[in-house]
Amino acid sequence: MEYDFKSIEAKWQKYWAENNVFKAVEDTSKPKYYVLDMFPYPSGAGLHVGHPLGYIASDIYSRYKRLCGFNVLHPMGYDAFGLPAEQYAIQTGQHPETTTVNNINRYRSQMDRIGFSYDWSREIRTCDPAYYKWTQWAFIKMFNSWYNPETDKAEPIETLIEKLRGEGRWDSLNEKEQSDLLMQYRIAYQGETAVNWCPALGTVLANDEVKEGYSVRGGHPVEQKKMKQWQLRVSAYAERLLKDMENLDWTDSLKDMQRNWIGRSRGCEMVFKVQNGDKEYDVTIFTTRADTVFGVTFMVLAPESEWVEKLTSPAQKEAVAEYLAMAKKKTERERLSETRKVTGVFSGSYGINPLTGEKVPVWISEYVLSGYGTGAIMAVPAHDSRDYAFAKAFNLPIIPLIEGCDVSQQSFDAKDGVMCNSGFLNGLTVAEAIPAAIRYVEEHGLGRAKVNYRLRDAIFSRQRYWGEPFPIYYKDGIPTPVDEADLPVTLPEIDEFKPTESGEPPLARAKNWTYKGYPLETSTMPGFAGSSAYYLRYMDPHNDKALVSGDADGYWRNVDLYLGGAEHATGHLIYSRFWNKFLYDLGYVVEKEPFKKLINQGMIQGRSNFVYRIIGTNTFVSYGLKDDYKTTEIHVDVNIVHNDRLDTEAFKAWMPDFKDAEFILENGEYICGWAIEKMSKSMFNVVNPDMICDNYGADTLRLYEMFLGPLEQSKPWDTKGIDGVNRFLKRLWRLFYDHGEFCVTSDKPTPAELKTLHKLIGKVKADTEAFSFNTTVAAFMIAMNELVEEDCHKREILEPLVIMLSIYCPHICEELYHALGHEDSVTYASFPEYVEAYTVENSCTYPVQFNGKMRFTVELPKSASPAEVEKSVREMEQTSRYVAGGSIVKVIVVPGKIVNIVVKQ
RNA sequence: GCCUUGGUGGCGGAAUCGGUAGACGCGCUGGUCUCAAACACCAGUGGGGCGACCCGUGCCGGUUCGACCCCGGCCCAAGGUACCA
């Protein structure tokens, strides 16, 4: 038999599916392990070789855990609602469901070829009504809950009503007033805020869906707009989201990203009395630098602040109105592009510094944000660069407060030095002055210590069709949840997917979009709605009575290993944690955190190839000669380039333009240039996993993807290296089959062979557990080289080898495992045990005097005499690695130099 | 600007705790097999020198018997974030 990967892979894929080999069943006699991939959005382009990287890694780990005796849950599904399918529907009229299902089928067939060990009986799709029923259910729970600051958790809204009733703030209200009051507390609430409005997409977007003023999907400009929208009170969980991160096994960089996004800052709120004519108002500001209050020379309001109207003097009314109109017209993008241009207008009123009693002017400027803090600040130009720029632009005074600082050119923002010009704070360091100032403010009733968060509530409405409908109807204008028994509220059929002529969302086109005779909400939920709790649904995917049963949740609990891209750090991973905590508060799930360990796999970049056309001709010059001509660089399909050598005939056939192409060769070949770029169609550098499976097989693909480099690092794909791992599999095959004859023997292995095997077991175990898959593959290759060298065909060595390797290359190993006489799948084998005795010899320790002053300990075999120790040290001029007595000792002897001996306990 | 992660041969990357830098693979060179090519196999492969040797992990300095690794100061790249008071 020869190694025929095509028939072997097809055979075992069929076998696994037919025998439900990977079906996960709750089994309390075994420890559980939950391995999850971030489920994909099925795009029209299909998978390229970059996509399966994480899936292969998680599959390897799942298979490893199974061999180690764990009951592994390893499911897969599709994040199927989303903008691209809907944009496509608008352009073509094709229903988004049709394209989505087509894409899913293509994804599935591509994944099936790679031999993943998913339990497909648990597949979920977010666009399936049986699934989004539970997204809607959770929304209703959020609508019917509030965040109780006293118990520091979400509670049913009834407890709030009781509280309000006790305070006499309930019974006197009418139904509308009650609804409006509760709306200020609900976890899922409707509120008017400035939102990111994307005119091109016709919808609002969440903060994490906008980057540098453009939509992440599509790259369209985004502007600020005040709108009434559904929102989730994520900000209530800011502190818990921050605190609970400590115990998670995530990388520091990812934790930092979340920390920055949550943006906790400690400071204090201070009340400034502001006089506008004969009226006086209490304006609260937030600052982290209470110590600088003696340097306040003006105050600033955000243009959107509610104080603006009250604090504008009649004389300034016109100027302020003009400024507001100008600021409003600007899009977010324009604000960003006008690199820190200072704008502002004087309001006409004056505030009183609560500590000094000094009078300072109140200005209005867009550098102050309405959404953060109180939308009003005290400005200390000497010690804040933004205030400094503003003071310089409008000629406002600057008072330095730190001894020896020079503020003639720029502000002194650093938090160190000794205070001056600051009354009772004089002589203190900044670190001492901040708490001292806050204490003073609190004691004198001028304000209070306050912690602020950058994290905002999540905008939860989208004016789109292809998403979950809200289970909300408007009963006489009052938003009311649909009865739980009537869920799901299914997406209605409509004939066009555009917004209506009057600018309403597409759902307004639906006929009879009503419930109990009242109109239903016409917005739909955003993409992150369906992905926030999907990991829970996999635990119990067919349950129609609950999101997840107590039994299933109690067994699987949460995700032990979560794999996916780092781009979800501030979106999905925050929302999911929030959603989980909410369900935890209400007692629906048992764990506080959804994902215990998280790994971000790196991006796989493409390696593009170029040809060089001499300008004005159809002649192409080889890379090494191109500098002799004037050329343009043209991307060429990497699939017709081998080893940077262009297949010129294939090139002529590639595009009609190149049919008559002529070539200037070097050494008879056309050499292409190359570059590392993002893998994309337009650069003709996309490598399809199907092609690799056709030419080399899935086992080779899996091994090569892991061999490419560290999992978490971005790295370029270059198909030319794949022959190496393919060769490895062929050599493995030859250990079993010599010229087609099965040649495995039951001979006893030699000590050298056992050493090779056990060294490998130790390495595979340690490196796999550390997710160092590239070095594990290297270890397999080293072992293979040694076994080939020994001409080893012994069952006692090969069987454990095949079991271990099956986590990487399941198809060939399944075949070989059966060839060894096993009936069952290798999935049910046990990971071989590492026996130290094969790599470690008995030892005792001898002291060695060295250099006359330093004393080291060398560990050597017990049988060695002191004379032999001396001798072996001298002999160890070339070799240096000793493994002895469970501790590694390295002895390095460089002739004529210092000898270094390292001892490990 | 700030935060994070990186920088090692022609290329992807190894080096577990501070201990022979360059494992493993690609590519390249030479050889065997072949009419020939492909495949496969064997040998060599950081740079310099005939050689003994010398130089080498972004740059400068420090700690150490010894530094890719630790410390200080820079440079560069990738990702995140940005009027967050």
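Throughout, a chain's letter reflects where its sequence line sits, starting with A, and its residues are numbered from 1. Only this structure's heavy atoms are used, side chains among them; waters, hydrogens and symmetry mates stay out.
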State, without any angle test, whether A:N726 and A:T700 hold a side-chain donor-acceptor pair at a distance under 3.5 Å.
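A pair is found: one side chain offers a donor N or O, the other an acceptor, under 3.5 Å apart.
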
Are A:T756 and A:E786 linked by a side-chain donor-acceptor pair shorter than 3.5 Å?
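The answer is yes; a qualifying pair exists.
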
For [X] and [N], is the shortest distance between a side-chain N/O and OP1 or OP2 below 4.0 Å?
X      : N     : value
A:N600 : B:G79 : no
A:N774 : B:G12 : no
A:R734 : B:C41 : yes
A:R727 : B:A40 : yes
A:Q713 : B:G13 : yes
A:R731 : B:A40 : no

Rounding to an integer number of Å, can you tell me how far [X] [atom1] sits from [N] [atom2]?
X      : N     : atom1 : atom2 : value
A:D738 : B:A40 : CG    : P     : 17 Å
A:Y704 : B:C11 : OH    : P     : 15 Å
A:W250 : B:U5  : CH2   : P     : 17 Å
A:I599 : B:U5  : CD1   : P     : 16 Å

What is the base-pairing partner of [N], counting Watson-Crick and G-U wobble geometry with both distances under 3.5 Å?
N     : value
B:G56 : none
B:C50 : none
B:U64 : none
B:C2  : B:G80
B:U16 : none

Taking B:A14 as the reference, what is the distance to B:G9 when you measure between their C1' atoms (whole Å, please)?
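Pairwise C1' distance, B:G9 against B:A14, rounds to 13 Å.
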
Suppose you measure atom C1' in B:G79 against the same atom in B:C83; what distance do you get, rounded to whole Å?
22 Å

With syn defined as a glycosidic torsion within 90 degrees of 0 and anti otherwise, which applies to B:G66?
anti

From [options], nucleotide with atom closest to [X] side chain:
X      : options             : answer
A:S265 : B:G13, B:C24, B:A85 : B:A85
A:W261 : B:G13, B:C41, B:U81 : B:U81
A:Y372 : B:A85, B:C41, B:A82 : B:A85

Heavy atoms under 4.0 Å, any strand shown: does [X] hit a base, just sugar-phosphate, or nothing?
X      : answer
A:R607 : nothing
A:R259 : nothing
A:L708 : sugar-phosphate

With sequence neighbours excluded, what pairs up with A:E239 under the salt bridge (charged side-chain N to carboxylate O under 4.0 Å, His left out) test?
A:R264

Does some side-chain heavy atom of A:F707 sit less than 4.5 Å from a side-chain heavy atom of A:Y808?
no

Ring-plane angle category for A:H758 and A:Y834, please: parallel below 30°, perpendicular beyond 60°, tilted otherwise.
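Rings of A:H758 and A:Y834: tilted, as their planes differ by 30° to 60°.
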
